[in-house]
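For ligands, and for the atoms within them, numbers begin at 1 and follow the listed sequence.
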Amino acid sequence: MASTTSKSERNRGVIESYPEFLPVSASTPVVSLGEGNTPLIYCSQLSKRVGRGCEVFVKNEGVNPTGSFKDRGMTVAVSKALEYGAKALICASTGNTSASAAAYAARAGILCVVILPAGKIAIGKLVQAFAYGAKIIAIDGNFDDALRIVRDLGESGDFAIVNSVNPDRIAGQKTAAYEIIDEIGDAPDFHLLPVGNAGNIAAYWVGYQEYHAYKRSTKLPAMIGFQAAGAAPIFYNRIIEKPETVASAIRIGNPASWKQARGAIAKSRGAIDVVSDAEILAAQSWLAQHEGIFVEPASAASIAGLFKCCDSGEAAYSFQKIPEASRIVCTVTGHGLKDPDLTIQRMKELKPVSATTTDVRHAIGL
Ligand code: F0G
């Protein structure tokens, strides 16, 4: 079956687009919401910022059906769970996994239980889990505690775990790497992305390696992951007991795919680095205001990381010396509207003016 997708095939979903690369068969009941095939956007302002004739693309995963990259993995995990006869799904989440699991469970007609750190989930994501009808349990603990409980409950056999510890999730998520190669004709030289539980960086690396083995690409990218400075266990090489960052999606102190992420970084000759909350928020605004792409704070870690690679002598990977005309892809993982609180705080109060053209002209500053 052909694995490339054209615009007319847009909403096929990742299983129908790439069945030969996924653990599915004709008897797998496909649960899809038309995920994947997300825009790979050439960014002229970002490219200018990097300079040296480099091309920067943003893979905008925020336009997936529930607004994050999780949908790629969820379609496979939920379809396989149905195939195995699961009656209920369970996951721990910093928000996006729960939104995605809830939606795909609704579509599959099965129960979804989500275990969340109380008070730590961005409002849009919590709203999604409620709207899709998940059973939501908030715990007095962080994501790492929630995942521990989910693993315990998964052992009882009552639930299918749909966190990225489930290999079907990783299988689905690797399709983003295929799409990039299908679109630009080869792998990029560098791939930058945020790192939390570390499933996604591992998944992209699997995808790049597989396509390379099938000779769909001539090279492999250097994988460069960015953690928030207050939640950077891989960078510091130790469990962080109380991770803290404004980027709530990646507030994780003991990532499940730690080893796989380390492997991807080492084998690809990439790097792991940290970005501060201030750098994350500045990059979020910059991307919205210079490229028209509004992402949630965690997603902006890849853009903050790009800036660090270009500007800072402290960066784990310096772009000062990269070959001219390198191709760089930054994944932005989730939509900005999911987590609008900090942007709302920055908004000035809107004071109405009288409904006359003169006063409106004046208010515009004309
Ligand atoms: N960006 C966003 C928007 C996320 O929601 C996550 C993870 C990541 C990046 C990091 O990806 O975990 O594969 O390294 N969110 C998970 C969740 C943990 O529960 O929604 P990762």
Pull out every atom of ligand 1 sitting under 4.0 Å from any heavy atom of Ser93, numbered as shown with elements.
17 (C), 19 (O), 20 (O)
Per-residue contact class, Glu296 against ligand 1 - non-hydrogen pairs under 4.0 Å
side chain
Side chain to side chain, Ser79 and Val24, heavy atoms closer than 4.5 Å:
no
Per-atom contacts, ligand 1 versus Val195 - under 4.0 Å to a heavy atom:
14 (O)
Apart from Val113 itself, members of its ILVMFWY cluster (side-chain separation under 4.5 Å) are Ile90, Leu111, Ile115, Ile137, Ile139, Ile149, Val150, Leu153, Phe159, Ile161, Val165
Those atoms of ligand 1 less than 4.0 Å from some heavy atom in Ile252
18 (C)
Proximal atoms of ligand 1 relative to Asn197 (non-hydrogen, under 4.0 Å):
12 (O), 14 (O), 21 (P)
Under 4.0 Å from one or more heavy atoms of Thr97, ligand 1 contributes atoms 16 (C), 17 (C), 19 (O), 20 (O)
To which protein heavy atom is atom 18 (C) of ligand 1 closest, and what is the distance rounded to 0.1 Å?
Thr94 OG1, 3.4 Å
Pick whichever of Ile234, Asp339, Thr333 has a heavy atom sitting closest to atom 2 (C) of ligand 1.
Thr333
Please work out which of the three classes, parallel, tilted or perpendicular, describes the rings of Tyr178 and Tyr211, given edges at 30° and 60°.
parallel
Under 4.0 Å, counting heavy atoms only: does Ser68 come that close to any atom of ligand 1?
no
Got an N/O contact under 3.5 Å between Gly196 and ligand 1?
yes
Heavy-atom distances under 4.0 Å decide this one: backbone, side chain, both or neither, for Ile201 against ligand 1?
neither
Residue, atom name and distance, where the atom is the protein heavy atom closest to atom 5 (O) of ligand 1
Asn96 ND2, 2.8 Å
Full working for side chain to side chain donor-acceptor pair (under 3.5 Å) between Glu20 and Tyr214:
CA-CA 12 Å; Glu20 70 274 43; Tyr214 280 91; over 6 Å; no
Look only at interatomic distance and state if Ser98 has a nitrogen or oxygen under 3.5 Å from any nitrogen or oxygen of ligand 1.
no
What atoms of ligand 1 come closer than 4.0 angstrom to any heavy atom of Ile250?
8 (C), 9 (C), 10 (C)
Tell me: protein heavy atom nearest atom 4 (C) of ligand 1, and distance?
Ala249 CB, 3.5 Å
Should Glu210 and Lys174 count as an ion pair when the cut-off is N to O under 4.0 Å?
yes
For atom 11 (O) of ligand 1, closest protein heavy-atom neighbour
Phe69 CZ, 3.4 Å
Just do the side chain to side chain donor-acceptor pair (under 3.5 Å) check on Ser100 and Asp71 with the steps written out, would you?
CA-CA 6 Å; Ser100 184; Asp71 296 341; 2.6 Å; yes
When you compare the side chain of Leu116 with that of Leu126, does any pair of heavy atoms fall below 4.5 Å?
yes
Within the structure provided, determine whether Leu220 and Trp205 are in side-chain contact (heavy-atom separation under 4.5 Å).
yes
Quick one: look up the protein heavy atom nearest atom 16 (C) of ligand 1 and list residue, atom name and how far away it is.
Lys70 NZ, 2.8 Å
Go through ligand 1 atom by atom and flag the ones less than 4.0 Å from a non-hydrogen atom of Gly199.
13 (O), 14 (O), 21 (P)
Just wondering, do Pro29 and Glu83 contact through their side chains at under 4.5 Å, heavy atoms?
yes
Considering heavy atoms of the protein only, find what lies nearest to atom 13 (O) of ligand 1 and give residue, atom and distance to 0.1 Å.
Asn200 N, 2.8 Å
Should Glu179 and Arg72 count as an ion pair when the cut-off is N to O under 4.0 Å?
yes
Group every Ile, Leu, Val, Met, Phe, Trp and Tyr by side-chain heavy-atom contacts under 4.5 Å, then state whether Ile252 and Val275 land in the same group.
no
Using 30° and 60° as the class boundaries, would you call the ring planes of Phe294 and His335 parallel, tilted or perpendicular?
perpendicular
